[in-house]
Amino acid sequence: MTAQLIDGKAIAAKTRLRVAAETAEFIAATGVVPQLATVLVGEDPASAVYVRNKHVACEKVGFRNQQHTLPATTSQAELLELVSRLNGDPAVHGILVQLPLPEQIDEQVILDSVHPLKDVDAFHPENVGLIVQGRPRFLPCTPAGVQVLLRESGVEVDGAHVVVIGRSEIVGKPMGMILVQKGETANATVTICHSRTRHLPSIVRTADIIVAAIGRPNFVTADMVKLGAVVIDVGINRVGDRLVGDVDFDDVREVASAITPVPGGVGPMTIAMLMQNTLTAARLQTGGAAK
Ligand SMILES: NC(=O)c1ccc[n+]([C@@H]2O[C@H](COP(=O)([O-])OP(=O)(O)OC[C@H]3O[C@@H](n4cnc5c(N)ncnc54)[C@H](OP(=O)(O)O)[C@@H]3O)[C@@H](O)[C@H]2O)c1
């Protein structure tokens with residue numbers, strides 16, 4: 001068996017086109033142009049690339065955007081002051097603080113300070129609580145993107161056993177929470193594994209769908225994958241001058257029924273879902289219900 005490739009680039013492009021069309025309708029109906037503000041502290045080159053890509057995506061779907069670049073020496077109070085200013089600016093609908101932040105700044109304090117209606121990353125406790133209760137306002141971009149990939153690829157999630165490897169607040173935990181909910185492309189039986197999980201390979205072997213979000217190249221090997229399982233690789237690891245995922249792609253694709261490549265799988269979806277969330281934020285702040 002050679003797995004079907006799940007084409008994240010194509011599905012992300014389709015998602016962005018839909019968001020662009022809905023944005024044009026929204027602007028025509030309200031006169032309001034959705035705007036995303038990004039905040040980058042310091043000079044981490046990878047973060048700078050991520051932020052640039054987000055601005056390019058904003059322009060493509062018809063959003064305004066503004067970028068705030070602060071020096072690595074910025075204090076927590078100074079950053080809180082900027083977030084507070086953006087919270088109070090009615091022309092800004094979404095605020096994205098690029099992580100990681102320099103060590104003198106407590107990330108949680110900053111993420112908690114973003115207004116919940118502008119929290120397009122869905123990190124604020126109020127938004128996390130709404131996800132847990134099954135009535136999300138925003139879904140975190142990467143796990144939401146995985147759910148769209150599964151839906152668009154026709155993967156049967158209802159009743160499936162999903163094993164998520166990784167329990168971060170950004171990917172693993174919300175991934176499990178999204179797929180266990182009642183609803184479309186959900187209703188899964190979810191197991192979340194992490195570095196303290198006993199007998200991890202044998203648990204992963206029982207999965208109908210594997211979501212790997214570990215940050216270690218080649219962690220998921222073919223002997224851990226049930227014949228016909230669907231494998232979603234969230235990992236992005238730099239090995240020499242190549243980007244690779246967490247899955248031993250060449251061997252696993254001979255066992256799986258469908259698999260995402262790295263790059264070109266989950267990565268493009270993350271930014272597409274950020275666009276979706278920014279439009280949702282603009283709708284919520286102009287009194288329209290989120291679609
Ligand atoms: N495609 C995208 O857009 C996108 C977005 C976000 C992240 N990523 C990538 O996804 C990967 C994960 O990101 P993250 O932010 O979730 O990373 P993270 O915060 O470092 O979390 C990694 C998780 O993997 C678990 N883990 C580490 N070693 C393990 C082992 N030997 N066995 C089992 N579990 C192990 C950790 O367990 P403990 O909790 O026990 O330590 C932790 O829960 C990274 O490669 C990142 O670059 C991609």
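Every number for a ligand or one of its atoms is a count from 1 in the order of the listing. The chain is numbered in sequence order, starting from 1.
- Of the listed options Pro217, Pro140, Gly166, Gly166 places a heavy atom closest to atom 23 (C) of ligand 1.
- Proximity of Asn127 to Pro136: side-chain heavy atoms (C-beta onward) are nowhere separated by under 4.5 Å.
- Between Ile105 and Ile110, some side-chain heavy-atom pair lies under the 4.5 Å cut-off.
- The residue from Met273, Arg196, His194 that puts a heavy atom closest to atom 33 (C) of ligand 1 is His194.
- Of the listed options Ser168, Gly215, Ser195, Ser195 places a heavy atom closest to atom 36 (C) of ligand 1.
- Tested against Thr38, the residues His55, His68, Gln98 include a single side-chain hydrogen bond (donor to acceptor under 3.5 Å, both in side chains) partner, His55.
- When the shell of 6.0 Å around CD of Gln133 is examined, it contains more than 12 heavy atoms from other residues, nucleotides or ligands.
- Contact check for Leu96 versus Val39: no side-chain heavy atoms found under the 4.5 Å cut-off.
- Short contacts between ligand 1 and Val266, defined as distances under 4.0 Å to a heavy atom of the residue, involve ligand atoms 1 (N).
- At the shortest separation from atom 5 (C) of ligand 1 among protein heavy atoms lies Thr142 OG1, 3.2 Å.
- Heavy-atom neighbours of Arg64 CZ from other residues, nucleotides or ligands within 6.0 Å: at or below the threshold of 12.
- At a heavy-atom cutoff of 4.0 Å, ligand 1 is contacted by the side chain of Thr270 but not by its backbone.
- Looking only at protein heavy atoms, the nearest one to atom 39 (O) of ligand 1 is Arg167 NE, 2.8 Å.
- Judged by the shortest distance from any of its heavy atoms, Asn237 lies inside the 4.0 Å radius around the atoms of ligand 1.
- Distances shorter than 4.0 angstrom occur between a heavy atom of Gly267 and an atom of ligand 1.
- By the criterion of a heavy-atom distance under 4.0 Å, both the backbone and the side chain of Ile214 are placed next to ligand 1.
- In terms of protein heavy-atom proximity, atom 32 (N) of ligand 1 is nearest to Phe219 CZ, 3.3 Å.
- Of the heavy atoms in Leu200, only side-chain atoms (C-beta onward) come closer than 4.0 Å to ligand 1.
- Looking at Phe219 and Ile165, their side chains come closer than 4.5 Å, going by heavy atoms from C-beta outward.
- Less than 4.0 angstrom separates some heavy atom of Val171 from each of these atoms of ligand 1: 6 (C), 7 (C), 16 (O).
- No side-chain heavy atom of Ile210 sits under 4.5 Å from any side-chain heavy atom of Val230.
- Distances from ligand 1 to the non-hydrogen atoms of Cys193 include no value under 4.0 Å.
- Per-residue contacts place Gly235 under 4.0 angstrom from the following atoms of ligand 1 (heavy atoms of the residue considered): 9 (C), 10 (O), 11 (C), 45 (O).
- Contact annotation: for Arg216 versus ligand 1, heavy atoms closer than 4.0 Å belong to the side chain alone.
- The nearest heavy-atom contact from the protein to atom 46 (C) of ligand 1 is Ile236 N, 4.1 Å.
- Using a 4.5 Å heavy-atom threshold, the side chains of Lys226 and Thr206 count as separate.
- Residues Thr142 and Val234 have side chains in contact (heavy-atom distance under 4.5 Å, counting atoms from C-beta outward).
- Within the set Ile271, Thr260, Val234, the minimum heavy-atom distance to atom 1 (N) of ligand 1 is found for Val234.
- Remark: of the listed residues Gln147, Glu156, Glu152, Arg151, Arg151 is the sole one forming a side-chain hydrogen bond (donor to acceptor under 3.5 Å, both in side chains) with Thr185.
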